[in-house]
Peer 1: 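First the structure, then my questions, so here it is.
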Number of protein chains: 2
Amino acid sequence: MSSTILDALSSRVEERGFRSTAPRRDVLTAVSQQRGPFSPEEIAAQLPMVGRATVYRTIRLLLDLGLVCRVPLEGGGVRYLVSVQGHHHHLVCISCGQIRDLGDCAVTEWVEKLAQRARYQLHGHMLEIYGRCERCQERARPVRAR
Amino acid sequence: MSSTILDALSSRVEERGFRSTAPRRDVLTAVSQQRGPFSPEEIAAQLPMVGRATVYRTIRLLLDLGLVCRVPLEGGGVRYLVSVQGHHHHLVCISCGQIRDLGDCAVTEWVEKLAQRARYQLHGHMLEIYGRCERCQERARPVRAR
DNA sequence: TTGGGTGCAAACAGTTTGCATTTTC
DNA sequence: GAAAATGCAAACTGTTTGCACCCAA
């Protein structure tokens with residue numbers, strides 16, 4: 001399961017010429033094992049033997065390589081998520097914090113037209129959708145994730 | 001011009017029962033005079049006589065009242081913007097940092113359908129478009145705003 | 001007069017960086 | 001052996017908070 005993800009991360013990182021070190025492998029392993037969104041701090045807590053800076057540096061590397069994405073929350077916080085796929089959006093549960101990937105981006109065309117009309121050289125766009133997932137509605141859970 | 005904005009901010013703040021104090025008026029005035037996006041730090045710098053905490057508290061108040069919006073940048077930063085109007089999106093120039101409001105939100109319908117399909121109780125959505133404005137393309141300016 | 005608002009400083013969260021040391025290629 | 005990566009601690013950015021004091025309603 002997650003070893004597939006780990007393989008994907010590892011191979012893409014090495015492909016680009018980055019070295020395979022023990023701490024880096026540890027971070028990749030931990031990240032690939034996360035089932036949902038995570039914070040660098042959580043990864044660091046799971047890997048006491050790895051320096052905090054290395055955790056941040058590695059996550060940043062994954063971010064730059066497009067293997068992880070940063071998901072902004074409604075209230076200003078941020079969470080990270082493995083994303084081996086390309087451009088996509090998210091459905092964020094404001095109660096339990098679960099984040100679901102939205103594969104198809106139906107707004108691209110609209111965004112392109114808009115940018116063209118405004119004479120902007122388009123660089124990218126970000127779309128996040130916030131709501132409460134089915135389970136949280138049933139359990140009447142309070143809003144947690146800021 | 002901006003006095004209209006100031007009036008709008010002031011009246012809405014007082015309408016809700018918040019007191020009119022000198023520091024608060026100072027912040028409202030400064031915020032209403034910003035032509036583009038701003039940071040609390042910039043407002044604080046313009047108002048040395050007002051405590052930093054009050055600046056943050058007042059901007060937060062405006063945020064809660066929906067009179068100012070927080071605009072996330074591509075790289076993780078944030079800027080603030082006066083927004084007397086309701087729900088809308090932004091066109092952000094990644095070079096000069098200019099932010100243009102996009103009045104019409106054409107994605108609402110699509111977002112609603114998506115949430116429905118995923119059985120999410122929709123709470124809101126966020127859409128930001130990043131690119132380079134016409135002037136920055138001409139001047140071949142480098143990317144600045146993170 | 002009283003509760004909301006303020007200022008200050010300290011605390012805080014999240015993240016980056018300088019630098020000497022270690023490791024991989 | 002050279003370049004890359006690490007670990008630590010310190011620095012930094014952006015923001016919130018505790019608390020004594022102040023002032024608008």
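What you see is a predicted model; the values in this text were computed from it and never measured. Order of the sequence lines fixes the chain letters, A, B, ..., with proteins taken first and strands second; residue numbering starts at 1 for each chain.
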Peer 1: Tell me, which pairs form a side-chain hydrogen bond (donor to acceptor under 3.5 Å, both in side chains) where one or both residues lie in residues 21-30 of chain A, sequence neighbours left out?
Peer 2: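 Residue pairs with at least one partner in residues 21-30 of chain A: A/Ser20-A/Arg25.
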
Peer 1: CD1 of B/Ile59 versus P of C/dT6: gap in Å, rounded?
Peer 2: 13 Å

Peer 1: Please list all pairs meeting ring pair (Phe, Tyr, Trp, His ring centres under 6.0 Å) that have one or both residues in residues 84-103 of chain A, counting only residues at least two apart or in different chains.
Peer 2: A/His87-A/His89, A/His87-A/His125, A/His88-A/His90, A/His89-A/His125

Peer 1: Indicate whether OP1 or OP2 belonging to C/dT15 is found under 4.0 Å from a side-chain N or O atom of A/Tyr80.
Peer 2: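 True: A/Tyr80 side-chain N/O within range (under 4.0 Å) of C/dT15 OP1/OP2.
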
Peer 1: Rounded to whole angstroms, how far apart are CG on A/Leu62 and P on D/dA5?
Peer 2: 13 Å

Peer 1: Which heavy atom of B/Pro72 sits nearest a heavy atom of A/Met126, and at what distance?
Peer 2: CG-CE, 3.8 Å

Peer 1: Apply side chain to side chain contact (heavy atoms under 4.5 Å, CB included) to A/Glu41 and list each qualifying residue two or more places apart in sequence or on a separate chain.
Peer 2: A/Ser39, A/Arg52, A/Tyr56

Peer 1: Between N or O atoms, less than 3.5 Å apart, protein on one side and nucleotides 16-18 of chain D on the other: list the pairs.
Peer 2:
{"unit_1": "D/dT16", "atom_1": "OP1", "unit_2": "B/Arg60", "atom_2": "NE", "d": "3.2"}

Peer 1: Go through the structure and list residues passing side chain to side chain contact (heavy atoms under 4.5 Å, CB included) with B/Arg35, not counting sequence neighbours.
Peer 2: none

Peer 1: Give me, pair by pair, the N or O atoms of the protein and of nucleotides 23-25 of chain C that are less than 3.5 Å apart, along with how far apart they are.
Peer 2:
{"unit_1": "C/dT24", "atom_1": "O2", "unit_2": "A/Arg19", "atom_2": "NH1", "d": "2.7"}

Peer 1: Hey, what else clusters with A/Val107 if you join Ile, Leu, Val, Met, Phe, Trp, Tyr whenever side-chain heavy atoms sit under 4.5 Å?
Peer 2: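 A/Leu91, A/Leu102, A/Trp110, A/Val111, A/Leu114, A/Tyr120, A/Leu122, A/Leu127, A/Ile129, B/Leu91, B/Leu102, B/Val107, B/Trp110, B/Val111, B/Leu114, B/Tyr120, B/Leu122, B/Leu127, B/Ile129, which link up through side-chain heavy atoms under 4.5 Å apart, make up the rest of the cluster.
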
Peer 1: Got more than 12 heavy atoms from elsewhere within 6.0 Å of CD, A/Gln116?
Peer 2: no

Peer 1: What is the distance, rounded to the nearest whole Å, between atom CD of A/Glu42 and atom P of C/dT15?
Peer 2: 11 Å

Peer 1: Figure out the CG/C1' separation between B/Asp26 and C/dT6, and round it to whole Å.
Peer 2: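 After rounding, the reported distance stands at 12 Å.
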
Peer 1: Note the angle between the end axes of the helix from C/dT1-D/dA25 to C/dC25-D/dG1, five pairs defining each, rounded to 10 degrees.
Peer 2: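 Result, rounded to 10 degrees: 30°.
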
Peer 1: Here's a test of your reading of the structure: between A/Pro48 and B/Ser39, which maps to the more 5' nucleotide of DNA chain D?
Peer 2: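 Residue closer to the 5' terminus by nearest nucleotide: A/Pro48.
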
Peer 1: Applying ring pair (Phe, Tyr, Trp, His ring centres under 6.0 Å), can you list everything that pairs with B/His123, at least two apart in sequence or on another chain?
Peer 2: none

Peer 1: Is there a residue in residues 64-72 of chain B whose heavy atoms reach under 4.0 Å of DNA chain D, and which residues are they?
Peer 2: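 Nucleic-acid contacts, sorted: none.
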
Peer 1: Provide, to the nearest angstrom, the distance between the CG atom belonging to A/Leu63 and the P atom belonging to C/dG14.
Peer 2: 16 Å

Peer 1: I need the minimum non-hydrogen distance between B/Ala118 and A/Arg100, along with the two atoms involved.
Peer 2: CB-NH1, 3.4 Å

Peer 1: State whether the side chain of B/Thr54 and the backbone N or O of B/Val50 hold a donor-acceptor pair below 3.5 Å, judged by distance alone.
Peer 2: no

Peer 1: For A/Glu134, enumerate each residue passing the side chain to side chain contact (heavy atoms under 4.5 Å, CB included) test, keeping only those at least two apart in sequence or located in another chain.
Peer 2: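 With neighbours one apart ignored, the set is A/Glu138, B/Arg119.
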
Peer 1: Would you compute the distance between atom CG of B/Leu67 and atom CG of B/Leu28 and round it to the nearest 0.5 angstrom?
Peer 2: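 Here the interatomic distance stands at 9.0 Å.
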
Peer 1: What is the distance, rounded to the nearest whole Å, between atom CZ of A/Arg16 and atom C1' of D/dA5?
Peer 2: 19 Å

Peer 1: Looking only at non-hydrogen atoms, find the nearest pair between B/Cys133 and B/Cys93 and report the distance.
Peer 2: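 Looking at all heavy atoms of both residues, the shortest contact is N-SG, 3.3 Å.
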
Peer 1: Mind calculating the distance between CD (A/Glu41) and C1' (C/dT15) to the nearest angstrom?
Peer 2: 9 Å

Peer 1: Side chain of A/Pro40, heavy atoms from C-beta onward: which of C/dG7, C/dT15, D/dA5 has the nearest atom to it?
Peer 2: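 The answer is C/dT15, which lies nearest to the side chain.
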
Peer 1: Atom CZ of A/Phe38 to atom P of C/dT15: distance rounded to whole Å?
Peer 2: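 So the two atoms are 11 Å apart, to the nearest Å.
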
Peer 1: Taking only residues two or more places apart in sequence or in another chain, which ones pass side chain to side chain contact (heavy atoms under 4.5 Å, CB included) with A/Leu63?
Peer 2: A/Val68, A/Arg70, A/Tyr80

